[in-house]
Amino acid sequence: MEDRYKPQEIEARWQAYWEENEIFRVESEGKDRHYYCLEMFPYPSGKIHMGHVRNYSIGDVIARYKKMRGYSVLHPMGWDAFGLPAENAAIQRGIHPKTWTIENTNYMRAQLKKMGFSYDWSREVTTCTPEYYRWNQWFFLRMFERGLAYRKSSFVNWCHSCGTVLANEQVLDDDRCWRCDSRVVQKELDQWFLKITAYADELLEGCEVLTGWPERVTTMQRNWIGKSEGVEVDFPVEGLDEPLRIFTTRPDTLFGVTFMSMAANHPLASVLTGDKAGLQRVRECYGDIQAKEGVFTGHYARNPLTGERVPIWVANFVLMEYGTGAVMAVPAHDQRDFEFGRKYGIDVKVVIQPEGEVLAPATMTEAYVDPGILVNSSDFSGLGSEEAKGRIMDHIEGQGLGRRKLNYRLRDWGVSRQRYWGTPIPIVYCDTCGTVPVPDEQLPVLLPEDVDLTGGGSSPLARHEAFVRVNCPVCAKPARRETDTMDTFVDSSWYFLRYTGQPSDRPLDSTQVSRWLPVDQYIGGIEHAVLHLLYSRFFTRVVRDIGLMEVDEPFRNLLTQGMVIKDGAKMSKSKGNVVDPDHLVGHYGADTARLFALFAAPPEKDLEWSDKGVEGAHRFLHRVWALVFRHSGNSGEFEPGALEGAGRAIFRKTHQTIKKVTLDIDRDFHFNTAIAALMELTNDLTNFSPATAPDRGVMRFALERLILMLSPFAPHIAEELWGGLGTARTSVSQAPWPSWDEEAAREDEIELVVQINGKVRARAMVPAETTEETLKSIALSQEKVVEALRGKPPRRVIVVKGRLVNVVV
RNA sequence: GCGAGAGUGGCGGAACUGGCAGACGCACCAGACUUAGGAUCUGGCGGCUUCGGCUGUGGGGGUUCGAGUCCCCCCUCUCGCACCA
């Protein structure tokens with residue numbers, strides 16, 4: 001073995017070895033223990049960045065560790081390869097999106113291989129290939145059959161200059177297009193939707209069983225789904241046949257209604273309101289969080305419970321998107337209604353009194369929104385507000401005035417994109433037959449390659465005559481294809497199923513899915529807390545209901561890694577604080593890059609990048625190399641029970657380190673402290689000079705275990721050192737993870753801390769098994785303790801076995 | 001505003017069920033080897049100190065023999081949601 005650590009010379013060699021010997025290929029057969037370790041696949045934007053390095057280093061440690069623990073590990077990688085940047089590159093640089101994408105995947109695959117990640121590349125998935133996206137189409141058709149994919153008119157973000165729809169996240173803060181900076185407008189278009197709301201309840205309830213997910217992620221999903229239980233009530237409108245329907249979660253305040261308010265874009269708003277200028281004024285501050293603007297319609301409604309006549313207003317803060325677009329207003333018990341009512345001089349009627357207090361409309365400064373006792377509420381007066389909710393809802397339903405209703409914040413998922421680089425939606429429009437699904441046997445609907453992307457205006461596919469023209473699958477008359485493509489979140493909603501098996505005639509291999517799913521550990525960024533992770537949970541249930549598998553939840557455990565930041569800010573080109581993984585790997589090697597990414601912070605926290613810290617990680621690897629080199633020829637027999645002195649201490653430290661590293665990985669993947677423990681062991685070994693044969697044996701024993709434990713973090717150097725230790729062996733990645741012996745790890749001496757009144761005053765080395773009585777007498781005989789006691793007996797003595805004695809004087 | 005999380009040396013971060021605060025690494029200081037050091041090795045490294053100690057985990061109070069850890073109040077920061085009726 002070389003005397004100096006030269007990562008550039010060894011890393012490529014081991015990468016080739018792993019590849020040639022298919023070390024990380026996982027078999028599909030066998031009844032062994034298996035483990036599915038998955039990291040979010042990247043968008044092939046060109047090069048991997050530090051976020052990828054960190055994400056994939058975390059996953060790789062887990063995968064390699066589980067493999068050493070005897071699991072069959074499925075650890076795949078692929079490409080989220082459809083998407084907008086490919087089209088932009090085409091427009092800006094004249095490269096075809098496919099060429100651009102494939103070139104990027106080739107480059108990035110090479111980068112990932114240079115990082116030494118243990119992927120089973122035979123399972124690679126690329127979503128922009130017909131072999132993959134035909135199954136997007138297949139799933140879409142199954143959803144269409146079930147009424148889960150439907151078309152409706154809806155408002156979208158539209159950029160005139162780019163001639164296309166923008167996703168919400170592609171619209172900048174001031175309503176400008178992220179690409180061309182022109183104004184984005186709302187435009188009504190026919191769009192395809194997937195009916196995720198049909199699963200709203202199940203997705204919500206599923207959050208309960210996701211105990212392996214960070215709580216904040218399930219909380220965000222719960223909030224996103226936004227279920228609320230309430231009641232819909234019809235308020236008759238004077239002079240109108242049609243009642244005004246409202247939704248409320250506070251039926252207990254129904255007796256306190258003093259006006260009604262509706263959204264400015266409510267269908268009745270323009271019908272009822274005479275003051276068109278006022279209506280326009282309200283409309284202009286629709287959704288403005290500061291404002292409380294309203295206009296009186298001139299009409300009145302009748303409270304169906306009380307018969308009271310209440311004015312109907314249009315208010316800017318009432319949203320058409322939620323509930324029925326109209327609300328009953330209770331100024332006494334709703335802060336918005338209170339502010340609105342004050343501004344426009346509307347009555348406040350108190351119907352809930354807090355205990356031990358009496359609210360009066362004249363003196364209230366804010367709405368009382370908490371529970372209390374009902375007053376002025378007919379037969380319901382005197383009830384607690386929580387109880388009253390149920391009773392009043394019963395009454396409303398019994399009288400036929402309304403019905404209980406669940407409302408969700410969650411909207412159906414709009415998947416239409418007026419883009420080229422995506423999955424064509426497999427639908428044909430026929431003048432005779434209407435909306436016709438493309439038959440399965442005609443899939444895939446291929447994305448044509450000869451398109452004009454530079455034209456602007458309409459979507460590229462809509463301009464592609466040969467694509468658009470088609471004969472109707474039902475009546476064979478000329479018809480037109482749907483020219484929208486699918487949101488790329490469709491691609492990423494089921495790719496983890498496709499990794500388990502890639503049959504050419506079916507979307508997935510049910511046997512393999514049931515073998516591997518759910519994913520044991522999923523690792524990725526928090527930015528997908530709702531979007532990708534919610535869509536995948538939805539898709540998984542659809543695939544289940546189609547009958548292809550029995551999985552409910554796709555990801556059993558989720559680890560959301562923190563951002564990589566530098567100089568206090570997220571790495572970005574515009575801030576000029578990016579670290580290029582290529583340079584890093586070229587200079588220090590992949591092992592150093594991995595080690596630092598794992599050492600500098602626990603995975604779920606943000607990681608502050610430090611060039612100096614990287615050098616520290618690099619130095620550590622040099623020290624390990626030098627240590628192994630120095631002792632590579634050493635060996636010797638030893639009897640653990642017979643060890644003494646330094647040799648015994650090293651033996652114990654080795655067992656302690658195995659224990660700590662194993663538990664740190666198993667409990668929360670705290671690699672930073674695991675690596676710190678390996679550094680400690682290395683420091684101890686560096687200071688250990690074995691002089692006897694048993695000592696040399698202990699050194700070798702310790703080095704072997706050090707290398708085994710280092711291997712998931714820094715696999716290349718571990719392979720090389722494993723070989724450097726001499727005897728013929730297989731790849732270190734195929735060696736079993738070391739185990740520890742509690743007995744051997746136990747300290748035989750401890751430093752007893754002696755406190756007086758809780759302050760450390762003395763220390764003494766004592767055998768670890770010393771009894772409490774003896775510890776007490778040792779403590780009391782300490783010079784400082786004797787001084788402090790001055791002959792008097794201690795007030796109290798607390799003995800913590802194996803740790804300390806506190807003498808209270 | 002609501003919800004969640006976090007505040008520990010110059011920095012990143014350790015500290016299991018309350019029991020030696022600051023592991024490990026970085027930076028820094030001193031020394032060794034050197035023509036040289038931005039290489040390597042050794043040692044030191046929270047603050048104050050009359051060298052006995054004192055003090056210290058955002059601030060204040062409390063429980064306890066003992067609090068970074070538990071309880072109450074306050075401050076700051078980060079993230080998420082933000083008129084959801």
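Letters go in sequence order (proteins before strands), and every chain restarts at 1.
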In A/Ile352, A/Ile392, A/Asp334, the residue satisfying side chain to side chain contact (heavy atoms under 4.5 Å, CB included) with A/Arg250 is A/Ile352

Are A/Gln221 and A/Arg537 close enough that a side-chain donor and a side-chain acceptor fall under 3.5 Å? yes

Of the candidates B/rA82, B/rC65, B/rC24, the side chain of A/Arg409 sits closest to B/rA82

From CG of A/Leu775 across to P of B/rC65 the rounded distance in Å is 21 Å

query = OP1 or OP2 of B/rA85 sitting under 4.0 Å from any side-chain N/O of A/Ser228?
reply = yes

If we take the P atom in both B/rA32 and B/rG66, what is their distance in whole Å? 49 Å

### Message
Does A/Asp606 reach a base, just sugar-phosphate, or nothing at all? Heavy atoms under 4.0 Å.
### Response
sugar-phosphate

Is it true that A/Glu742 and A/Lys659 have a side-chain N and a carboxylate O under 4.0 angstrom from each other?
-> yes

Between B/rG37 and B/rA30 - C1' atom distance, rounded Å:
16 Å

*asked:* It should be established whether A/Asn683 places a side-chain nitrogen or oxygen under 4.0 Å from OP1 or OP2 of nucleotide B/rG25.
replied: yes

Check this one for me: any side-chain N or O of A/Arg216 less than 4.0 Å away from OP1 or OP2 of B/rG5? no

* Asked: What class does the angle between the rings of A/Tyr344 and A/Trp313 fall in, given that below 30° is parallel, 30 to 60° is tilted and above 60° is perpendicular?
  -> tilted

The glycosidic conformation of B/rG59, counting syn as within 90° of 0 and anti otherwise, is anti

| message | I want to check a possible cation-pi pair here: A/Lys292 against A/Phe317, using under 6.0 Å from ring centre and within 45° of the ring axis as the test. | response | yes

Side-chain contact check for A/Ala676: nearest option of B/rC54, B/rC24, B/rC65 is B/rC24

Pair A/Glu680 + A/Lys653, salt bridge at N-O below 4.0 Å = yes

Stems field, RNA chain B, Watson-Crick or wobble, 3.5 Å, at least 3 pairs, by first number, holds B:1-7 with B:75-81, B:10-12 with B:24-26, B:28-32 with B:40-44, B:46-48 with B:53-55, B:58-62 with B:70-74

Ranking B/rC26, B/rC24, B/rC20 by distance to the side chain of A/Lys612, first place goes to B/rC26

* Hey, are A/Glu751 and A/Arg763 close enough for a salt bridge, meaning a charged N less than 4.0 Å from a carboxylate O? -> yes

Practice prompt. Take atom C1' in B/rA15 and the same atom in B/rG62, then report the distance between them in whole Å.
Written response: 24 Å

Task: B/rA14 OP1/OP2 closer than 4.0 Å to side-chain N/O of A/Asn672 - done: yes

Base orientation of B/rG31, chi within 90° of 0 counted as syn, else anti, reads anti

Any side-chain N or O of A/Lys784 below 4.0 angstrom from OP1/OP2 of B/rG53?
yes

query: When you check the phosphate oxygens OP1 and OP2 of B/rC84, does a side-chain N or O of A/Arg336 lie under 4.0 Å from one of them?
result: yes

